[in-house]
Amino acid sequence: MIKPDLERNNLIYNLYFNDKLTITQISKEINLSISQVSRVLSNSPMYMQEKAKRKEENRVKHSEQTKEIMKRKRSQKSAEEKAIMNNLHNQDVAELSYFYPLSKVAIKKNCPNAYEYNAKKQRFELKTDMAYSSDMPSQIKY
């Protein structure tokens with residue numbers, strides 16, 4: 001009876017220390033409970049060192065994965081912001097290009113100091129104390 005236990009223990013040690021399997025994987029492979037495998041491994045003087053080493057490796061691996069995830073999220077956010085800015089730029093180009101007539105709203109947006117709001121008439125009116133191009137609308141109603 002002692003010999004099969006010794007062989008089983010050696011198999012467990014070999015799977016854990018050499019093949020780097022986890023206790024759960026070993027228990028499934030040799031059909032023992034997790035607690036039995038753990039009990040056998042805890043008798044080994046190298047077990048605590050190996051366990052600490054694996055824990056540190058997992059901590060470093062987790063840290064690297066977290067950094068990679070954050071890098072991907074930042075990159076994705078940057079790409080989304082760039083797409084939004086490109087869209088806004090294209091809209092401005094279309095509003096200010098010679099191929100499309102400039103809308104009154106675009107003029108108001110791009111020349112905010114040229115207009116003042118008349119609350120009584122609920123519209124923006126061109127200020128009279130400055131010189132403007134003749135094609136500037138004298139009033140803009142929203």
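The distance from the NZ atom of Lys28 to the CD1 atom of Ile34 is 8.0 Å, given to the nearest 0.5 Å. Note that the CG atom of Leu6 and the CG atom of Leu11 stand 11.5 Å from one another [nearest 0.5 Å]. To the nearest 0.5 Å, atom CD1 of residue Ile12 and atom CD of residue Glu29 are 10.5 Å apart. To the nearest 0.5 Å, the span separating CD1 on Ile30 from CD on Gln36 amounts to 8.5 Å. Note: Ile23 CD1 to Ile26 CD1 = 7.0 Å, rounded to the nearest 0.5 Å. Taken to the nearest 0.5 Å, the NZ atom of Lys127 stands 15.5 Å off from the OG atom of Ser138.
The side-chain heavy atoms of Gln139 and Leu126, taken from C-beta on, include no pair separated by under 4.5 Å. A 4.5 Å side-chain heavy-atom check between Phe124 and Asn118 finds every atom pair outside the cut-off. Side-chain contact between Tyr16 and Arg54 is present, with heavy atoms from C-beta onward closer than 4.5 Å. Side-chain contact between Arg72 and Ile69 is present, with heavy atoms from C-beta onward closer than 4.5 Å. Contact of the Thr24 side chain with the Val37 side chain is not registered, since no non-hydrogen atoms from C-beta on lie closer than 4.5 Å. Contact of the Val40 side chain with the Leu32 side chain is not registered, since no non-hydrogen atoms from C-beta on lie closer than 4.5 Å.
Of the possible polar contacts, none joining the Ser78 side chain to the Arg74 backbone as a donor-acceptor pair under 3.5 Å is found. The backbone N or O of Leu41 lies less than 3.5 Å from no partner atom in the side chain of Ser44, so there is not a single donor-acceptor pair. Between the Asn14 side chain and the Asn10 main chain, no donor and acceptor come within less than 3.5 Å of each other.
Here Tyr47 and Tyr13 keep their ring centres 6.0 angstrom or further from each other.
Scanning for ring-ring contact (aromatic ring centres under 6.0 Å, His included) contacts around Phe17 gives an empty result, with sequence neighbours left out.
Sequence neighbours left out, the pairs with a member in residues 57-66 that pass side-chain hydrogen bond (donor to acceptor under 3.5 Å, both in side chains) are Glu56-Arg59.
Atom CE of Met136 sits in a crowded spot, with more than 12 heavy atoms from other residues, nucleotides or ligands closer than 6.0 Å.
Between Arg123 and Glu125 there is a salt bridge, with a side-chain nitrogen of the basic residue lying less than 4.0 Å from a carboxylate oxygen of the acidic one.
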